[in-house]
Amino acid sequence: MTFRLYDTATREVRDFAPLEEGKAGLYLCGLTVQSEPHVGHVRSGVNFDVLQRWLRHLGYDVTFIRNVTDIDDKILTKAAGQGRPWYNLAYEMHRELDRAYDALNVAPPTYEPAATGHIPEMVELITELIARDHAYAAADGSGDVYFDVQSWPSYGELTRQGIDDMEAAEDADPRGKRDPRDFALWKGWKKESEPETAAWPSPWGRGRPGWHIECSAMAGKYLGPAFDIHGGGVDLRFPHHENEQAQSRAAGRPFASYWMHNAWITTAGEKMSKSLGNSLTIPAVLKNYRGIELRFYLLMAHYRSHVEFSFEALDEAAVGLRRIEHFLDRAPAAETGDLPADFVAAMNDDLGTPAAIAVLYDAVREGNRLLAAGEDATPHVARVLAMLDVLGLHPDDSAWATGGGDDAKLTAAVDALVAGLLEQRAQARADKDFARADAIRDQIKTAGIEIEDTPSGARWTL
RNA sequence: GGUGGGUUGGCCGAGAGGCGAGGCAACGGACUGCAAAUCCGUGUACACGGGUUCAAAUCCCGUACCCACCUCCA
């Protein structure tokens, strides 16, 4: 059975056929590091992390490039408003993003290039485009360089739009554009409003890169002129990905074979954005939820499905996850085993994580049934661990071991205290003094600790 | 105006012509001193109106409503 994935360009699920046998090259448009990451931002990170893990599981040698955009209008404006250097803001938010990815067990890519580190590659690409008559330096002396969309007949092919049907942005400054739909490859330095640190030398004067060119340049540098899969959020299809493809192909690079786009996470029916406040930033959510719970929640929906975020749904996901964890807690330890065929089929079908999780629950239920019957559930434990592992949800994964020493010490301390009380309760139960036994249980419960009686004695959980 | 997507049970969320994915909640049962945990059982869901078909949530036509993108966006 082969891996199949939905390709936005062809609008159909297609067999994955890599350019080079046994290898897979992935490029994901990462974030513009201008504010704290929120739940919506990390979705593509988690989705592509699952893709990366699945391709590796299938035996592919994966090269995964996920960029960071560390210079753009917003960063400049925001940093100026805060009275600090733009690079300081971008760097801080980049570190914040790394923490969010770590908390969700999003494995690092092969490399995470930043736009500002690849100015020469972009200049090179722009030069090539000018030489091929697909780009031009603005005649108004602004130092801007634009891509000439009229010079590229297949412009619009990715999103199936004809140039004539596109609305030109009403608020777009026409500047030196030949056509209002031409987009900036290079933005000339505006001395009066932009810091000199945000301007790099180029054949067209000092300036900074347009948004789209960085991805074409970096994908080209690390993955070559042609690579397998390019991904990002649906909003990036146009203009970002359309432009990336146009400028890359116009420069003679075939570019991506498959395009993957994840759907939105909205709140109150709206796109998440800074205007909705900070309650949904990753640091805020992680105050009340574990990273593994958020990751599980994100994987319960298919990556191409729109998700209406709610804390109620996140709570439900967390409860469901705890059932899986509880099974592993009480079942005998086992090594990670093989994946059930149904799980593999679900994942091979365009990363069908919801169907895959259904298989996971089937294994948990059957394992619990065997445990209740006093039979050997080891094979089911092995299967469950294998499935969790490939989804990045393995409980022993070091990513979940946050807090470190203090947490462990605290757990040990609580365990000692609760153990004493449980001993008293066990004695009371042995004496049939159930009133006293229940009083002890209530006392422990008041502290937020649940007691559960098992054949081998009582156990506690927070 | 152009392009793409959506509407599934109390809730979340899969599926894409024929056995009711799965989860959460609820109810009944088993187990338990009582619980908890666990297991077993319980639901006649597919926006609306037509059509095709032996068979439609799934295909076709139409209608309604919602959303995204159209050069800042995960």
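We name chains A, B, ... by the order of the sequence lines, and we start the count at 1 in each one.
When the nucleotides B/C70, B/U3, B/A37 are ranked by their closest atom to the side chain of A/R160, B/U3 comes out on top. Listed nucleotides B/A14, B/A74, B/A35 differ in distance to A/D453; the shortest reach to its side chain belongs to B/A35. In this structure, of B/C34, B/U71, B/G4, it is B/G4 that holds the atom nearest to the side chain of A/R237.
For the P atoms, the distance from B/C40 to B/G22 is 11 Å, rounded to whole Å. With both ends at atom C1', the span from B/C65 to B/G28 equals 39 Å, rounded to whole Å. Taking the C1' atom of each, B/G17 and B/A55 are spaced 8 Å apart, rounded to whole Å. Taking atom P on both nucleotides, B/U42 is separated from B/C34 by 26 Å, rounded to a whole Å. For the P atoms, the distance from B/G62 to B/C54 is 24 Å, rounded to whole Å. Nucleotides B/C46 and B/G5, compared at atom P, are 24 Å apart to the nearest Å. Comparing B/C19 with B/G43, their P atoms are spaced 16 Å from each other, to the whole Å. To the nearest whole angstrom, the two P atoms, one in B/A74 and one in B/U38, are 40 Å apart.
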Give the table of side-chain donor-acceptor pairs shorter than 3.5 Å for residues 98-107 of chain A, with sequence neighbours excluded, one pair per line with atom names and distance.
| residue | atom | partner | partner atom | Å |
| --- | --- | --- | --- | --- |
| A/R99 | NH2 | A/E96 | OE1 | 3.4 |
| A/N105 | ND2 | A/G392 | O | 2.9 |
| A/N105 | ND2 | A/D397 | OD2 | 3.1 |

Throw together a table of side-chain donor-acceptor distances under 3.5 angstrom for residues 342-352 of chain A, partners on residues two or more places apart or in other chains.
| residue | atom | partner | partner atom | Å |
| --- | --- | --- | --- | --- |
| A/N348 | OD1 | A/W54 | NE1 | 3.1 |
| A/D350 | OD1 | A/Y6 | N | 3.0 |
| A/D350 | OD1 | A/Y303 | OH | 2.6 |
| A/D350 | OD2 | A/H302 | NE2 | 3.4 |
| A/D350 | OD2 | A/Y303 | OH | 3.4 |
| A/D350 | OD2 | A/R304 | NE | 2.9 |
| A/D350 | OD2 | A/R304 | NH2 | 2.8 |

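Summarising the geometry, the separation between CD on A/Q34 and C1' on B/C72 is reported as 9 Å, rounded to the nearest angstrom. To the nearest angstrom, P of B/A68 lies 20 Å from CG of A/L158. Atom CG of A/D349 is separated from atom C1' of B/A16 by 11 Å (rounded to the nearest Å). Between A/I440 atom CD1 and B/A35 atom C1' there is a gap of 15 Å when expressed in whole angstrom units. Atom NE2 in A/H212 sits roughly 7 Å away from atom P in B/C72 (whole-Å rounding). When rounded to the nearest whole Å, the span between CG of A/L298 and C1' of B/C12 equals 14 Å. Taking atom CD on A/E308 and atom P on B/A68, their separation rounds to 11 Å, with Å as the unit. We find that CG of A/N348 is positioned 17 Å from C1' of B/A14, with the value rounded to whole Å.
Residue contacts shown for A/H326 are limited to sugar-phosphate atoms, with no base heavy atom under 4.0 Å away. Using a 4.0 Å heavy-atom distance criterion, A/N47 is classed as making no nucleic acid contact. Among the protein residues, A/F147 comes within range of no part of the nucleic acid, since none of its heavy atoms lies under 4.0 Å from any strand. A/R425 comes within 4.0 angstrom of a nucleotide base, judged by non-hydrogen atoms across all strands. Among the atoms of the strands shown, only primed sugar atoms or phosphate atoms (P, OP1, OP2) are found under 4.0 Å from some heavy atom of A/L31.
Partners of A/P395 under the side chain to side chain contact (heavy atoms under 4.5 Å, CB included) rule, at least two apart in sequence or in another chain, are A/L328, A/L385, A/L388. A/E325 meets the side chain to side chain contact (heavy atoms under 4.5 Å, CB included) test with A/R290, A/I292, A/L321, A/R322; sequence neighbours excluded. Remark: A/S310 engages A/E312, A/A313 in a side chain to side chain contact (heavy atoms under 4.5 Å, CB included) (not counting sequence neighbours). For A/F434, the ring pair (Phe, Tyr, Trp, His ring centres under 6.0 Å) criterion is met by no residue, not counting sequence neighbours. The side chain to side chain contact (heavy atoms under 4.5 Å, CB included) check on A/D376 picks up A/T378, A/P379, with sequence neighbours excluded. By the salt bridge (Lys or Arg N to Asp or Glu O under 4.0 Å) test, A/D15 pairs with A/R4, sequence neighbours left out.
Figure legend: cation-pi geometry between A/R365 and A/Y361 absent, as NZ or CZ is not positioned both under 6.0 Å from the six-membered ring centre and within 45° of its axis.
Ion pairing of A/D438 with A/K445 is absent here, as no side-chain N (NZ or NE/NH1/NH2) approaches a carboxylate O to less than 4.0 Å.
Distances shown here put a side-chain N or O of A/N368 below 4.0 Å from the OP1 or OP2 atom of B/C39. For the pair A/S305 and B/G13, the criterion of a side-chain N or O lying under 4.0 Å from OP1 or OP2 is not met.
When only modelled atom types and interatomic distance are considered, A/Q34 and A/D72 share no side-chain donor-acceptor pair under 3.5 Å. With 3.5 Å as the limit, one finds no donor-acceptor pair spanning the side chains of A/N88 and A/E92.
Note on ring orientation: taking the six-membered ring where Trp is involved, the planes of A/Y155 and A/F238 are perpendicular (angle over 60°, cut-offs 30° and 60°). Relative ring orientation between A/Y297 and A/F309 is described as perpendicular, the plane-to-plane angle rising above 60° on a 0-90° scale split at 30° and 60°. Classification of the A/F183-A/F147 ring pair by plane angle, with boundaries at 30° and 60°, yields parallel.
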Under 3.5 Å, which protein N or O atoms sit close to an N or O of nucleotides 5-7 of chain B? Give each pair with its distance.
none

Name the pairs: protein N/O against N/O of nucleotides 23-25 of chain B, kept only if under 3.5 Å.
| residue | atom | partner | partner atom | Å |
| --- | --- | --- | --- | --- |
| B/G23 | OP1 | A/R323 | NH2 | 3.1 |
| B/G23 | N2 | A/E316 | OE1 | 2.8 |
| B/C24 | OP1 | A/R323 | NE | 3.0 |

When you compare the protein's N or O atoms with those of nucleotides 28-31 of chain B, which come within less than 3.5 Å of each other, and at what distance?
none

Check against ring pair (Phe, Tyr, Trp, His ring centres under 6.0 Å), A/H230 and A/W259 | CA-CA 5 Å; A/H230 190 132; A/W259 288 90; 4.4 Å; yes
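Base-pairing analysis of RNA chain B finds the following stems of at least three consecutive Watson-Crick or G-U pairs, with both pairing distances under 3.5 Å: B:1-7 with B:64-70, B:10-12 with B:22-24, B:26-30 with B:38-42, B:47-51 with B:59-63.
Between the side chain of A/R330 and the base of B/A37, no donor-acceptor pair under 3.5 Å is found. Evaluation of atom-type donor-acceptor distances gives a pair under 3.5 Å for the side chain of A/D438 against the base of B/G33.
Two residues, A/H302 and A/E366, neighbour RNA chain B, and the one matched to the more 5' nucleotide by heavy-atom proximity is A/H302. Nearest-nucleotide mapping onto RNA chain B: of A/G162 and A/T32, the residue sitting toward the 5' end is A/G162.
Ring-centre distance between A/Y27 and A/Y222: not below the 6.0 Å cut-off.
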